[in-house]
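Scroll down for the structure; my scribbles are underneath it.
The first residue of the sequence shown is numbered 1, and numbering continues consecutively from there.
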Amino acid sequence: MAPQVVLMTGCSSGIGLSTARRLAQDPDQRYLVFATVIAMAEKTELVAAVGDAIDKTIFIKEMDITKDEDITRIVNDVVKTHGRIDILINVAGIALVALPERVSRAQIDTIFNVNTIGTIRLTQAVLPHMKQKKAGKIICLTSLGGRQGGPYTDFYCASKFALEGFFESLLSTLKSFNIRVCLIEPAKVETGMITSMLSQTDALVNDDTVHDIDRRQLRCFFDVVTGMPGISVADVVDVLMTKCVDVDDPVFRHLVVPPEAKEALGEAVADLTGEKSIAALRKMIVAV
């Protein structure tokens with residue numbers, strides 16, 4: 001059987017890098033991976049991680065997901081060379097912890113262009129080829145923050161909520177084309193993103209121009225996030241591989257959180273008033 005052609009974003013570090021490595025080093029060589037990074041200067045860790053697989057089962061390409069011309073070039077190159085894209089894995093994303101009233105239009109544009117619009121545009125570019133073949137799989141890393149809002153992460157969560165709505169709508173029509181869609185929704189993952197979020201939180205806590213109430217809540221948020229159990233990158237990649245990539249007819253959503261968080265989230269989502277969800281979030285910022 002010919003290997004499946006995989007196009008990926010966000011491969012320079014974290015979940016994207018680990019997923020690309022696992023696909024590229026598959027013992028049965030079931031995949032040809034086109035792993036994209038925003039600039040070739042960011043490929044060093046990925047090259048080291050995949051070792052001898054480079055230019056055999058994995059090919060590193062430069063693509064800025066916020067640029068339509070980059071998306072068109074990469075999709076066309078892969079289809080021209082291999083005739084198809086079997087699996088699209090959207091991983092690229094950035095986070096922001098901030099006071100919502102202080103976030104500039106430029107910052108809003110950046111987080112939505114990377115997290116939402118870029119992912120949607122890449123998916124749009126791949127869809128005609130998958131529809132023509134009447135086969136394909138689209139996997140997207142969203143977040144627990146795409147199911148439930150989070151304190152001081154308003155714009156990050158909004159960008160992920162938008163993805164959830166887009167892909168839920170999309171899946172309802174794509175099943176007729178034998179195209180499957182999967183969302184991976186991790187909670188806190190021990191990556192550079194969580195380190196950056198904690199750093200941003202700490203900076204606000206120590207900013208004298210921030211209102212005392214916000215600083216107090218941010219300090220509590222920092223302590224709660226620091227102390228909460230995290231999900232490993234390996235845990236997320238295992239779910240992505242075993243429940244999405246290696247399954248012919250995977251389910252749509254895959255929440256990757258500690259068991260106790262899953263139960264609490266289920267209760268919050270089931271409450272149509274939204275009050276349980278807000279109460280849970282308040283516990284993250286108001287010390288008892």
Side-chain angles (χ1 to χ4, degrees), residues 9-16 36-39 42 62-72 88 90-125 138 140-170 183-189 191-211 213-222 224-225 274 277-278 281-282 284-285:
T9 67
C11 298
S12 62
S13 62
I15 295 169
T36 65
V37 295
I38 193 170
E42 298 189 5
E62 183 175 291
M63 181 177 73
D64 183 341
I65 198 172
T66 68
K67 295 180 179 178
D68 282 356
E69 59 270 26
D70 279 16
I71 289 173
T72 299
L88 171 63
N90 295 300
V91 181
I94 56 175
L96 177 67
V97 179
L99 300 178
E101 66 272 23
R102 292 191 179 185
V103 177
S104 68
R105 175 58 186 263
Q107 288 176 296
I108 296 171
D109 287 347
T110 296
I111 197 164
F112 273 88
N113 282 336
V114 174
N115 289 4
T116 311
I117 297 172
T119 297
I120 289 173
R121 293 294 287 158
L122 179 57
T123 302
Q124 285 181 298
I138 300 169
C140 186
L141 262 290
T142 60
S143 171
L144 173 59
R147 296 294 300 280
Q148 182 178 49
Y152 299 103
T153 56
D154 315 74
F155 294 98
Y156 171 75
C157 291
S159 70
K160 295 296 187 177
F161 265 69
L163 280 183
E164 294 260 344
F166 173 76
F167 282 109
E168 184 168 340
S169 302
L170 194 64
L183 300 184
I184 309 293
E185 304 167 326
K188 172 186 172 184
V189 185
T191 65
M193 180 179 285
I194 194 67
T195 302
S196 174
M197 293 176 71
L198 288 171
S199 177
Q200 293 169 29
T201 306
D202 187 59
L204 290 168
V205 168
N206 291 288
D207 184 345
D208 291 338
T209 69
V210 174
H211 195 287
I213 292 175
D214 279 319
R215 291 174 68 189
R216 185 165 61 247
Q217 292 186 152
L218 283 157
R219 188 175 294 111
C220 185
F221 176 70
F222 181 92
V224 168
V225 174
S277 180
I278 298 300
L281 297 177
R282 288 286 293 167
M284 297 182 69
I285 57 172

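- Checked options V224, D202, V205; the residue passing with R219 is V205 (criterion: side-chain contact (heavy atoms from CB on, under 4.5 Å)).
- In this structure, S199 contributes its side chain and T195 its backbone to no donor-acceptor pair below 3.5 Å.
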Trace of the side chain to side chain contact (heavy atoms under 4.5 Å, CB included) decision for V225 with I194: CA-CA 9 Å; V225 174; I194 194 67; 3.9 Å; yes
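- Atoms CE and OG1, from M284 and T153 in turn, are 7.5 Å apart once rounded to the nearest 0.5 Å.
- In this structure, Q217 CD and H211 NE2 are separated by 10.5 Å, a value rounded to the nearest 0.5 Å.
- One distance of note links CG of L122 with OG1 of T36; it measures 7.5 Å at 0.5 Å rounding.
- A salt bridge links D207 to R102: one of the charged nitrogens lies within less than 4.0 Å of a carboxylate oxygen.
- Residues L204 and F222 have side chains not in contact (no heavy-atom distance under 4.5 Å, counting atoms from C-beta outward).
- Of all heavy-atom pairs between I65 and A92, the closest is CD1-CB, 4.5 Å.
- Contact detail for M193 and G93: the closest heavy-atom pair is CE-O, 3.5 Å.
- The two atoms that bring N90 and T123 nearest to each other are ND2-OG1, 3.6 Å, heavy atoms only.
- Rounding to the nearest 0.5 Å gives a distance of 8.5 Å between OG of S143 and CD of E164.
- With respect to T66, the side chain to side chain donor-acceptor pair (under 3.5 Å) criterion is satisfied by exactly one of D70, D64, D68: D64.
- For the atom pair CG of L170 and CD of Q124, the computed distance is 9.5 Å after rounding to the nearest 0.5 Å.
- Looking at L99 and L218, their side chains come closer than 4.5 Å, going by heavy atoms from C-beta outward.
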Let me have the donor-acceptor pairs involving side chains of residues 106-113, under 3.5 Å, with sequence neighbours excluded, atom names and distances please.
residue, atom, partner, partner atom, Å
Q107, OE1, S104, N, 2.9
Q107, OE1, S104, OG, 3.4
D109, OD1, R105, NE, 2.9
D109, OD2, R105, NE, 3.4
T110, OG1, A106, O, 3.0
N113, ND2, D109, O, 3.0

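- Of all heavy-atom pairs spanning P186 and L141, the tightest one is CG-CD1, 3.7 Å.
- For the residue pair L163 and C140, the shortest heavy atom distance occurs at CD1-SG, 3.9 Å.
- From L183, atom CG reaches atom CD1 of I138 across 10.5 Å, with rounding to the nearest 0.5 Å.
- In this structure, the side chain to side chain donor-acceptor pair (under 3.5 Å) partners of S196, at least two apart in sequence or on a different chain, are Q200.
- A pairwise comparison of heavy atoms in T116 and S159 identifies OG1-O, 2.9 Å as the closest pair.
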